[in-house]
Amino acid sequence: MARILITSALPYINGVKHLGNLAGSMLPADVYARFMRLQGHDVLAICATDEHGTPAELAAAAAGQDVRAYCDEQHEIQKSIGEQFGLSWDYFGRTSSPQNAELTQHFAETLEKNGLIAEVVEQQVYSIDDGRFLPDRYVEGTCPNCGFEKARGDQCDNCGKLLDPIELIEPYSAVSGSKNLEVRDTKHLQLKQTVMEERIRAWVDGADGWPSFAKSIAYKWLDEGLRDRTITRDLKWGVPVTKDGQPREGFEDKVFYVWFDAPIGYISATREWAEETGGDWESWWRTDKGADDVRYVEFMGKDNVAFHTVSFPATLLGSEEPWKTVDALKAFNWLTWYGGKFSTSNKRGVFMDQALELLPADYWRWYLTAYGPEGSDAQFTWDHFQSSVNKDLADVLGNFVNRILKFGASRFDGVIPEGGTPGEAEAWLESEVSTRLANIASHYEAMEFRKAAAETRALWAAGNEYLTRAEPWVHFKTDKDQAALGVRTGINLVRLCAITAQPVIPDAAGKILAALGLEGAADWPQGDAKAMLSALGPGRSFAPADILFAKIEDDQVAEWTERFGGAA
RNA sequence: GGCUGGGUAGCUCAGCUGGUUAGAGCGCACGACUCAUAAUCGUGAGGUCGGGAGUUCAAGUCUCCCCCCCGCCA
């Protein structure tokens, strides 16, 4: 039994995530966690909301709420929707937790002791009326490049030029509209990544278990040369900056930059979990306290790769403390909406809460796993979604389960019958089952989700093919024992299909197992195929399940296309 | 304009460090079956791997140039 720590990139707090976010980290992390639990491993799956930063403040302001209240509410919403999607986190924490503040301050102070943090003086816009420094996006004014009058401090939306707030002509506060601004010197902390560069490169060199494109992203950053990063911001909402555990002089109105504290959230959420459950968080994160045998697997979208391969490791390695660093890293590409970007404002794309209004979670889980953006970007289209789900789930799996259970119920009174002599069809199936099960497991081990799903489906197809070969409906007329063998074997195969499908479609798998009278936990099938296919012996009763997956109809697709946008 | 990532059968995608007749699913055509959600099973037709040049005994797979798409940034 191995110990496996799984994290998925933290969803940002400002609203419900879309299907691309789900497909790119949270869902595969869950599928992987479920598979590993089925294998009997000790799994700790951690996620959390990423709550700090300017966008959170802006979103709260837009909602007319206090930031804390806004985050409280949004956190609960995201947690609930995730659970409805079957995301089986062991803990879903928050980066706004006291645990995260403490750990973030600990890391910053430790890094400083190790000479990796410098205090620098920068020039920044100060709003006298607001009584605060204004971060980039809180200053607006006329663009010095194109004359656009509503340019933001970080960038002009009109000409696209990247700006420094102090360059703006006639700047004003986006908070109050006040023009009573001045440029003042202000102190910030910088993480000296330049000093860490060779060390991080060596660490990346030694890494395996990353997709090639993840490694190339890390090298690209390293090749361009790491820059020292300012890790503090002039915001109220965030982790306060401290020194020796006390508020740091000159930093009373500053907090750590969201990208500094967010990945630390993986650790702090584990600590939240430990405090709630009595678990031992250090045994998962400190190699001097038991984590040396932990395999740590991170899931993320490709936009997050640099932060996980360079920035976060810089924090961990720079501390000179025995923190666990990532072992295997799985990065996903983009799920695109008809080849373009998901866009809330343009009414393109489906968000997690909306998806659940349309169809149960398993439909989405299957589609996003079997056709997800794993090796390259993947296109979501309604037509593709409809045809994939209908064929795979309704026709191949649903129909297989349904036909064998119904036939067995009507011909053998819902009791697994005995009798019959295994022949060619059974031999073929045994060979098929052992091949497929081995493939499914090895693809999951390798975190090849599309391939694992394809093999899972191949097992379902083998079920249909077996019935074609065994023809119990034909034998029933002349040789009931032979028909009994087909039914018994078919039902055993249904069980195997359900168990192996659990990581991806847990609800449907549960319904199937319930139909077989197998409520509760089921472990990954053990033994040889012959034994697996006779695990459920004669005499056990079963009942046909309700239709597992209703087909998606054309008029539904038409309606959804109208509602959510489709081909551009 | 710069920088990633792409451009492989009608569609969506696999093809690791170059090596037998380039793969899968869907769709399509034909055949079989009737237990089943008009589901299933079998067979088959489909690709000069974006274009050009080069390296090599051998390139979808390496090098260079060009074209196009998505995304990020300027």
Side-chain angles (χ1 to χ4, degrees), chain A residues 20 145-146 154-156 159-163 208 211-221 223-224 301-303 305-306 331-343 366-367 370-412 425 428 439 443 446 448-458 460-477 483 486-487 490-491 494 544-553 567-568:
Chain A
N145 188 50
C146 72
D154 56 344
Q155 183 175 17
C156 173
C159 69
K161 185 172 178 59
L162 287 189
L163 302 171
D208 54 12
S212 56
F213 82 92
K215 213 153 182 172
S216 65
I217 290 172
Y219 280 127
K220 180 173 175 274
W221 272 46
D223 291 345
E224 287 177 355
K302 64 181 170 186
D303 55 328
V305 169
F332 284 78
N333 291 280
W334 302 128
L335 181 72
T336 67
W337 187 260
Y338 289 82
K341 230 184 140 185
F342 272 74
S343 165
W366 172 257
Y367 180 81
Y371 306 98
E374 203 167 344
S376 63
D377 289 355
Q379 271 196 55
F380 179 95
T381 66
W382 285 117
D383 283 347
H384 189 233
F385 176 67
Q386 178 193 26
S387 63
S388 303
V389 163
N390 284 354
K391 187 71 183 175
D392 299 343
L393 298 180
D395 295 347
V396 178
L397 173 63
N399 181 55
F400 167 60
V401 172
N402 189 243
R403 65 194 291 208
I404 186 65
L405 293 186
K406 274 197 171 167
F407 182 79
S410 66
R411 305 297 198 283
F412 294 96
W428 172 85
N439 288 346
H443 285 140
E448 298 265 19
F449 295 95
R450 288 176 69 121
K451 290 176 181 171
E455 284 294 301
T456 301
R457 182 190 189 280
W460 308 340
N464 284 309
E465 189 176 347
Y466 169 72
L467 293 183
T468 299
R469 289 170 181 253
E471 296 183 304
W473 50 88
V474 172
H475 291 299
F476 189 78
K477 297 167 188 164
V487 169
I491 289 175
V494 165
D546 293 333
I547 293 296
L548 287 171
F549 295 99
K551 291 201 193 192
I552 297 171
E553 304 295 340

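So that the names make sense, note that chain A is the first sequence line, chain B the second, and so on, each numbered from 1.
Look at the P atom in both B/G2 and B/G18: the space between them is 31 Å, to the nearest Å. Nucleotides B/A59 and B/U55 are separated by 12 Å at their P atoms, to the nearest Å. Comparing B/U56 with B/G44, their P atoms are spaced 40 Å from each other, to the whole Å. Comparing the C1' positions of B/C13 and B/U17 gives a spacing of 23 Å, expressed to the nearest Å. Between the C1' atoms of B/C64 and B/A45, the separation comes to 38 Å (whole Å). For the C1' atom pair drawn from B/G7 and B/G47, the interatomic distance equals 14 Å after rounding to whole Å. When the P atom is used for both B/U20 and B/C72, the distance is 40 Å, rounded to whole Å. Atom name C1', nucleotides B/C68 and B/C16: the rounded distance is 28 Å, in whole Å.
When distances run from any side-chain atom of A/Ser387 to the nucleotides B/C26, B/C72, B/U37, the shortest one goes to B/C26. The A/Arg411 side chain lies nearest to B/C35 when the options are B/U40, B/C35, B/U37. Taking only side-chain atoms of A/Lys406, from C-beta outward, the nucleotide of B/A36, B/C13, B/U40 with the closest atom is B/A36. Among B/A36, B/G71, B/C33, the nucleotide with an atom closest to any side-chain atom of A/Trp473 is B/C33. Comparing B/G25, B/U37, B/G71 by their nearest atom to the side chain of A/Tyr371 picks out B/G25. Side-chain atoms of A/Ala461 lie closest to B/C41 of the nucleotides B/C41, B/A36, B/U37. Picking from B/C72, B/A39, B/A14 the nucleotide with the shortest atom distance to the side chain of A/Ser376 gives B/A14. In this structure, of B/C13, B/C41, B/A39, it is B/C13 that holds the atom nearest to the side chain of A/Ala378.
Base pairing annotation: B/G23 forms a Watson-Crick or G-U wobble pair with B/C13, both donor-acceptor distances under 3.5 Å. When both pairing distances are held under 3.5 Å, B/G47 makes no Watson-Crick or G-U pair with any nucleotide shown. Searching all strands for a Watson-Crick or G-U wobble partner of B/U61 with both distances below 3.5 Å returns nothing.
The CZ-P distance, from A/Phe385 to B/C26, rounds to 17 Å in whole Å. Counting to the nearest Å, the C1' atom of B/C16 and the NZ atom of A/Lys451 are 9 Å from each other. With rounding to whole Å, A/His384 atom NE2 is found 16 Å from B/G10 atom P. Here the P atom of nucleotide B/A38 and the CD atom of A/Glu553 are 10 Å apart, to the nearest Å. Residue A/Asn464 contributes atom CG, which lies 13 Å from atom C1' of B/C33 at whole-angstrom precision. B/C41 atom P lies 12 Å from atom CG of A/Leu397, rounded to whole Å. In this structure, the OH atom of A/Tyr338 is 13 Å from the C1' atom of B/U12, given to the nearest Å. A straight line from CD1 of A/Ile404 to P of B/A36 spans 11 Å, rounded to a whole angstrom.
Among the atoms of the strands shown, none is found under 4.0 Å from any heavy atom of A/Arg469. Contact annotation for A/Ala454: no contact, since no heavy-atom pair falls under 4.0 Å across all strands. Within 4.0 Å (heavy atoms only), A/Phe549 reaches at least one base atom of the nucleic acid.
Not one N or O on the side chain of A/Asn390 forms a donor-acceptor pair closer than 3.5 Å with the backbone of A/Asp395. Checking side-chain atoms of A/Asp377 against main-chain N and O of A/Asn333 turns up no donor-acceptor pair under 3.5 Å. Listed for the A/Gln379 side chain is no donor-acceptor partner under 3.5 Å among the backbone atoms of A/Thr336.
Between A/Trp334 and A/Thr381, it is A/Thr381 whose nearest contact on RNA chain B lies nearer the 5' terminus. Each of A/Tyr367 and A/Lys341 was assigned the nucleotide of RNA chain B with the nearest heavy atom; the assignment lying further toward the 5' end belongs to A/Tyr367.
At the phosphate of B/G71, neither OP1 nor OP2 sits under 4.0 Å from any side-chain N or O atom of A/Lys302. Contact annotation: A/Lys391 does not reach the phosphate of B/A39 (side-chain N/O to OP1 or OP2, under 4.0 Å). For the pair A/Ser388 and B/C11, the criterion of a side-chain N or O lying under 4.0 Å from OP1 or OP2 is not met. Neither OP1 nor OP2 of B/A38 sits under 4.0 Å from any side-chain N or O of A/Arg403.
For A/Tyr338 and A/Phe380, the ring centers are positioned 6.0 Å apart or more. Checked against the 6.0 Å centroid threshold, A/Phe476 and A/Phe412 count as a close aromatic pair. For A/Tyr367 and A/His384, the ring centers are positioned less than 6.0 Å apart.
A stacking contact between A/Phe407 and B/C35 is absent: the pair does not combine a ring-centre distance of less than 5.5 Å to the base's six-membered ring with planes differing by less than 30°.
Residue A/Asn439 is tested with A/Lys451, A/Glu455, A/Glu448 for a side-chain hydrogen bond (donor to acceptor under 3.5 Å, both in side chains); the sole match is A/Glu455.
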Could you go step by step and tell me if A/Glu465 and A/Trp428 meet the side-chain contact (heavy atoms from CB on, under 4.5 Å) rule?
CA-CA 10 Å; A/Glu465 189 176 347; A/Trp428 172 85; 3.4 Å; yes

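Taking syn as a glycosidic angle within 90° of 0, B/G52 does not qualify and is anti.
Under 3.5 Å, the side chain of A/Asn399 and the base of B/A36 form at least one donor-acceptor pair of N or O atoms.
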